[in-house]
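To start, the structure itself, in structure tokens.
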2 protein chains.
Amino acid sequence: MKTSRSYGKHSHATLASVAKRAGVSIATVSRVVNGAPVKIAAQTVLAVRKAVADLDYRPQSAGRALRKGTTQIIAVLAANLGNPTMAAIASSIEHALRQNGYVMLLCDTHEQADIQDEYLREMEALRVRAVIMVVAVPSPKLDEFRQAGIPLVFVNRRDPVRSPFPYVGIDNAAAGRDVADYCLAKGWRDIAVIHASLVYSAGRERLQGFLERLQQAGGDMRPVRQFGSAGLDHLRIGEQAMQELLAQQMRPDAVICLSDLLAYGAYKQASGAGLAIPRDLTMISFDDGPLNQWIAQWLSAVRIPYELIGNAVISVLTAMLENPQDKTPRAQAAMDKIIPHQLIIRG
Amino acid sequence: MKTSRSYGKHSHATLASVAKRAGVSIATVSRVVNGAPVKIAAQTVLAVRKAVADLDYRPQSAGRALRKGTTQIIAVLAANLGNPTMAAIASSIEHALRQNGYVMLLCDTHEQADIQDEYLREMEALRVRAVIMVVAVPSPKLDEFRQAGIPLVFVNRRDPVRSPFPYVGIDNAAAGRDVADYCLAKGWRDIAVIHASLVYSAGRERLQGFLERLQQAGGDMRPVRQFGSAGLDHLRIGEQAMQELLAQQMRPDAVICLSDLLAYGAYKQASGAGLAIPRDLTMISFDDGPLNQWIAQWLSAVRIPYELIGNAVISVLTAMLENPQDKTPRAQAAMDKIIPHQLIIRG
DNA sequence: TAGCATAATGCAAACGTTTACATAAACAGA
DNA sequence: TCTGTTTATGTAAACGTTTGCATTATGCTA
């Protein structure tokens, strides 16, 4: 069993070297390796397999990519890796992709259009198989991509432009309504909302669903106060928003934060001001990242089941890759994958 | 200015198409694009540049990779993306790599040897330029890699095998001593430590430095109690360790956790048991991830300046890529990049 | 036995780059 | 005018795959 391999060191095995060792042509080796749909003598298969194992052969993706015009790489463009929820989503996607023979190329766009564009360009040059946008922003190159035939999947935030590309994530409006229902059940009369930018689908839908349901319910509710500003750093936005809130006379019964990070920022400010959460103030947020249950027991939240996102993405992705013809808006919108959320009450 | 481009849609521009448009050979285009060290007529350069711009040409990395035998991809194998500190480090590295014209390929090894190996194999097939191991475990393929000539950098945890490859991170032993000094200054007599596996450099050195300094100081200190177990999930290890600790008679003055996540786990357990941190119990950890200052004000911690790691990695990496001959242990060990840590006191 | 389908494999082109080498043009020195 | 040198550019091979087509061997039908 002791072969003298691993002394060729640097030079990796190639189809040619495997073919030579197995005494066949490179075409045959390629066919065996790829399980091509042709008959190959059992004996030959065995010989090739052995040579492959002996030489520790792995197809070099450069050659393959050049020939086939595509790769096994799937790019994930995430808006902010510093956000634990997004990191958890990336991790989940990575898992699912690996299980399916893809490799994940993960980038951090910092939610900036120019960085996103630079990455998209790079992905084009790399000939990635597909691009998964975890919270996308509108950008010129993204516009081009929609026409370019490279499959796109939008996670957590829908395509900022209404497009035929699928969305994977929770039903944000429904989540907003659930939070409203909970508030109503608690009999709260004075509620504040902390938000970041509302131009994107996730935040906007959450807020709409929430307000809509409160309105439906009627009752003697005070008008919902809204705090926040557009911007990238939810932590600071939350901090500032809470500061403004606390500067007002009335302390609300509850503060709804449209993301975990907003809640974290608000929490720091409130704590600094001497408030105890949730004793003095109930806080509810959206996302419910994996750390909340450990160190944010003061926070109730709508949980995005991030562990499920990987598989959900894979399922829409494989559907897209298998029926590349189905480019009609109807066909693809039907591929949206809405995953179930859950309101977790803590504290 | 209105060229009729972008109607060629799918078919990307290639050297050939650019060459044709500029009226030169593909060799010339390649030289211009790559800034080859040869004289080229100013006029020609201009013509090529224009054609490149008109066609929105980008070199396809498959062709380049095939020809050059390497890529601009640098792989980052991180042990756990769910750890905010590691996510922050990944983000920092990504930033620095992008600035230097590389692309980051980020993987999550879950600190498992088999997954790590699978990725290493994949990286080999992809012909990545270098591999950055953010918390590595020993594995057979890693052994092969050390000989294979692919640059390796170890971040946060040294190569589990003593090797000539550089380490980027804090001086863990010194950090441990700093924590000990702080404890001594506070006059604490009874201290507990919560740890995960101690077979790796980071945890081991932290603990050694800590104990060593306490011992040096002498005094009427109680023996340091240690809790914890080997395993991957620091959160649960911390939780369990705190449970064991609280089951004992004496409540210590302080609990030192060898990582943030251990502290989070311990915190949940302690809170659940009705303890207020830090009122009833001081906790100190190592890492100090980016969220601590927002939602873990109860936790003091040795801060790894993760924002600095990206640039530190880049600097050792470029040094390695430029002097590939310098493979002597001395030369490379000298390349270790120790970044400064800081003990942040909160609460 | 000739003719022909079928099964198994080989041959060679193509993918887009980079780069060693060849060539052409221009010019200087004699 | 011829030779030699410099400068700018072109030619073609190579990198490792996949795959349409050609080829050979085998078995079957008539």
Side-chain angles (χ1 to χ4, degrees), chain A residues 8 10-49 51-52 55-73 101 122 124-129, chain B residues 8 10-49 51-52 55-73 121-122 124-129:
Chain A
H10 281 219
S11 59
H12 304 260
T14 68
L15 274 188
S17 61
V18 174
K20 192 163 149 195
R21 180 173 245 264
V24 298
S25 74
I26 61 168
T28 301
V29 178
S30 174
R31 288 193 264 255
V32 170
V33 169
N34 294 345
V38 296
K39 299 244 77 172
I40 304 198
Q43 188 192 13
T44 310
V45 172
L46 249 51
V48 170
R49 289 255 166 77
V52 165
L55 298 174
D56 195 22
Y57 169 75
R58 273 216 137 194
Q60 298 208 23
S61 50
R64 182 176 289 200
L66 186 54
R67 172 66 217 230
K68 314 234 307 183
T70 187
T71 60
Q72 288 298 98
I73 300 177
E122 186 68 36
E124 211 174 10
L126 273 173
R127 316 225 61 166
V128 299
R129 191 66 142 283
Chain B
H10 281 216
S11 58
H12 304 261
T14 69
L15 274 189
S17 61
V18 174
K20 192 161 150 197
R21 181 174 246 263
V24 299
S25 76
I26 61 168
T28 302
V29 178
S30 174
R31 287 193 265 255
V32 170
V33 168
N34 295 347
V38 296
K39 300 241 77 170
I40 304 198
Q43 188 191 13
T44 309
V45 172
L46 249 52
V48 170
R49 289 254 167 76
V52 165
L55 297 175
D56 194 22
Y57 169 74
R58 274 214 136 193
Q60 300 207 21
S61 50
R64 180 176 290 196
L66 186 54
R67 173 64 217 233
K68 315 236 306 185
T70 187
T71 59
Q72 288 297 97
I73 301 178
R121 244 180 275 277
E122 186 69 35
E124 211 175 11
L126 273 174
R127 318 226 60 167
V128 299
R129 191 66 142 281

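Numbered from 1 within each chain, the chains take letters A, B, ... in sequence-line order. Just the heavy atoms: all of them, side chains too, but no hydrogens, waters or symmetry mates, feed the values below.
When DNA chain D is scanned in the 5' to 3' direction for atoms under 4.0 Å from non-hydrogen atoms of chain B, the outermost contacting nucleotides are D/dA8 to D/dG16.
B/A27 comes within contact range of at least one nucleobase, with a heavy-atom separation under 4.0 Å.
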Close N or O pairs between protein and nucleotides 24-26 of chain C (under 3.5 Å):
none

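Listed by residue number, the members of residues 66-73 of chain B with any heavy atom below 4.0 angstrom from DNA chain C are B/L66, B/R67, B/K68. Listed by residue number, the members of residues 29-37 of chain B with any heavy atom below 4.0 angstrom from DNA chain D are B/R31.
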Side-chain donor-acceptor distances from residues 60-69 of chain B under 3.5 Å, at least two apart:
{"residue": "B/Q60", "atom": "OE1", "partner": "A/R127", "partner atom": "NH1", "Å": "3.2"}
{"residue": "B/S61", "atom": "OG", "partner": "A/A125", "partner atom": "O", "Å": "3.2"}
{"residue": "B/R64", "atom": "NH2", "partner": "B/N34", "partner atom": "OD1", "Å": "3.3"}

Under 3.5 Å, which donor-acceptor pairs link side chains of residues 22-29 of chain B to any protein atom two or more places apart or in another chain?
{"residue": "B/S25", "atom": "OG", "partner": "B/A27", "partner atom": "N", "Å": "3.4"}
{"residue": "B/S25", "atom": "OG", "partner": "B/T28", "partner atom": "N", "Å": "3.4"}
{"residue": "B/S25", "atom": "OG", "partner": "B/T28", "partner atom": "OG1", "Å": "3.3"}

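The rotation axes computed at either terminus of the helix from C/dT1-D/dA30 to C/dA30-D/dT1 lie 70° apart, taking five pairs at each end and rounding to 10 degrees.
In this structure B/R58 satisfies the salt bridge (Lys or Arg N to Asp or Glu O under 4.0 Å) test together with A/E122, sequence neighbours excluded. Judged as a side-chain contact (heavy atoms from CB on, under 4.5 Å), and not counting sequence neighbours, the contacts of B/A36 are B/R31, B/V38.
Nucleotides of DNA chain D nearest to B/A42 and A/I26 differ in position, and the one nearer the 5' end is that of B/A42.
The shortest distance between the side-chain N/O atoms of A/T28 and the OP1/OP2 oxygens of C/dT9 is not below 4.0 Å.
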